[in-house]
Amino acid sequence: MGECAAARENVNPILPTGVREIIFPGALHQPIEDIMAEFQKLVFSGVQPTGNLHLGNYLGAIRKFVALQKDNDCIYCVVDEHALTAQLVHEDLRGQTRAIAAAYIASGIDPKKHIVFNQSAVAGHAELAWIFNCVARIGWMERMTQFKDKAGGKNAEQVSLGLLAYPSLMAADILLYRATHVPVGDDQKQHLELTRDIAQKFNIDFSANIRKEGYGIDIKVGDEPVHAYFPMVEPLIDGPAPRVMSLRDGTKKMSKSDPSDLSRINLMDDAETISKKIRKAKTDPDGLPSEPEGLKGRPEADNLGGIYAAVPDKTQPDWLGELGGAQFSVFKPALIELAVSVLAPITEEMRRLPGDTSHIDAILRDGGERANARAEKTMKEVRDIIGFLR
Ligand code: ATP
Ligand code: MG
């Protein structure tokens, strides 16, 4: 019996922890190009309105969003429903949502050619997420590193059910548009693997109905033919800065939600603030090495050098060759100059955007209507596949 035939026999089991790998062996190792050939290429990604956008968001995600729009159909979302998972009550959720949308525009995303909108404007995200909550297994969610980090230790009793189900909503965000490519930072890799698992299980569990309703595409997973409704998304993680680390602790990711503002360089920081934050950034007494081995056990040096290289898209050997032997007292001013030069045009553009909220609101409303039209098509088909009475 082939792998997927075994999988089909296992429809809807209540699986013990660890069985996920047995159900869909090989699925994640399949050459993506083969699986994806039939689905129309569509780029989707999102950012949560949980605080100030930082250099990590820009280098790891938004800069890729901008580059991808040249040759692709793109949907960029402000994922406001995700913002409730870690913190329920926000002082100014509307303002934060507008700020992320403004940063998209200021960074160069074209909301007319593509779609920029906020997630809660399209009801299909929550509806499909519910269905995926019933497709996914609790064990899959509990194994997510981000969940374990945020829910670990004394927080275990305090975190919301929404935080556990976060990857299921993320899968719905992407698959609601049957998107094929998702540009994200390295921290989202595991969630995208789970998105593929959810798509895969849905395709297999509902294989007969997908065919009966006349939807879906014949693809191969391993040697087994599957009639798939949802594509296997391809994460676009590569780039010179897939994981920018905190300026205060080189072992922690730079995050919007980090309580210390000194831990990150915000897109809206002025030159003086950027300079202060980089001067205060944690380092060690040694200078920068010229060989990769010299970075071992020195996460802060690795991170600052990595940022210096990522802005102009340099590789590690390039920046080590250029900076090797430099003391931090010499290197930091160079890094300040570079960070200011990349962020200044974006900050300036954000300041130029009309102060009244109606401009951004109109962009989001227009994007929401266009996104909704696409989402509704998917949801009608999904309701038919599941067997909900119309
Ligand atoms: P939060 O702390 O609220 O989770 P965040 O800084 O992690 O905020 P998100 O909105 O969760 O930001 O993520 C938006 C995008 O930015 C995602 O694609 C994510 O992978 C990417 N990203 C986030 N932090 C970094 C980082 N430090 N380096 C590179 N990419 C990042
Ligand atoms: Mg995050």
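As the structure is a prediction and not an experimental result, all values here were calculated from the model. Remember, it's 1-based here, ligands and their atoms both numbered in the order they're listed. Both backbone and side-chain heavy atoms feed into the values below; hydrogens, waters and symmetry mates do not.
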Any idea which of Gly185, Ala83, Gly46 brings a heavy atom closest to atom 21 (C) of ligand 1?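 Closest candidate by heavy-atom distance is Gly185.
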Distance only, no hydrogens: is a donor on one side chain within 3.5 Å (strictly under) of an acceptor on the other, for Thr273 and Asp270?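 There is such a pair between these side chains.
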How about Phe206 and Tyr215: are their ring centres within less than 6.0 Å of each other?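 So the answer is no for these two rings.
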Determine, using ring centers only, whether Tyr308 and Phe331 are less than 6.0 Å apart.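 Yes: the rings meet the under 6.0 Å criterion.
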Residue [X] vicinity, atoms of ligand 1 by number, heavy atom under 4.0 Å:
X	value
Ser255	2 (O), 6 (O)
Ala241	29 (C)
Val47	10 (O), 14 (C)
Lys150	4 (O)

Heteroatom distance test (Tyr166, ligand 1): nitrogen or oxygen, under 3.5 angstrom: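 No, since none of the N or O atoms of Tyr166 sits under 3.5 Å from an N or O of ligand 1.
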Passing option when Asp80 is tested against Asn118, Thr50, Thr97 for side-chain hydrogen bond (donor to acceptor under 3.5 Å, both in side chains):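 The side-chain hydrogen bond (donor to acceptor under 3.5 Å, both in side chains) with Asp80 is passed solely by Asn118 among Asn118, Thr50, Thr97.
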Which protein heavy atom lies closest to [atom], and at what distance to 0.1 Å?
atom	answer
atom 2 (O) of ligand 1	Ser257 OG, 2.4 Å
atom 13 (O) of ligand 1	Asn57 ND2, 4.0 Å
atom 5 (P) of ligand 1	Lys253 NZ, 3.6 Å
atom 28 (N) of ligand 1	Val244 N, 2.8 Å
atom 6 (O) of ligand 1	His54 NE2, 2.7 Å
atom 30 (N) of ligand 1	Gly56 O, 3.2 Å

Residues Asp269, Leu343; criterion side-chain contact (heavy atoms from CB on, under 4.5 Å); working and verdict: CA-CA 8 Å; Asp269 284 344; Leu343 294 186; 5.9 Å; no
If the threshold is 4.0 Å, N to carboxylate O, is there a salt bridge linking Glu293 and Lys296?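 No, Glu293 and Lys296 are not salt-bridged.
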Using a strict 4.0 Å threshold on nitrogen-to-oxygen distance, state whether Lys253 and Asp258 make a salt bridge.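 Between Asp258 and Lys253 there is no salt bridge, as every charged N stays at least 4.0 Å from the carboxylate O atoms.
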Exceeds 12 heavy-atom contacts within 6.0 angstrom, atom CD of Glu376: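 Correct, the count exceeds 12.
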If we set the cut-off at 4.0 Å for heavy atoms, which region of Ala61 has an atom near ligand 1: side chain, backbone, both, or neither?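 Ala61 to ligand 1: side-chain contact only, backbone stays beyond 4.0 Å.
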Is it the side chain, the backbone, both or neither of Arg243 that has a heavy atom closer than 4.0 Å to ligand 1?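 Looking at Arg243 and ligand 1, just backbone atoms fall under 4.0 Å.
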Closer than 4.0 angstrom: is that true for some heavy atom of Arg264 and an atom of ligand 1?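 Arg264: no contact with ligand 1 (<4.0 Å).
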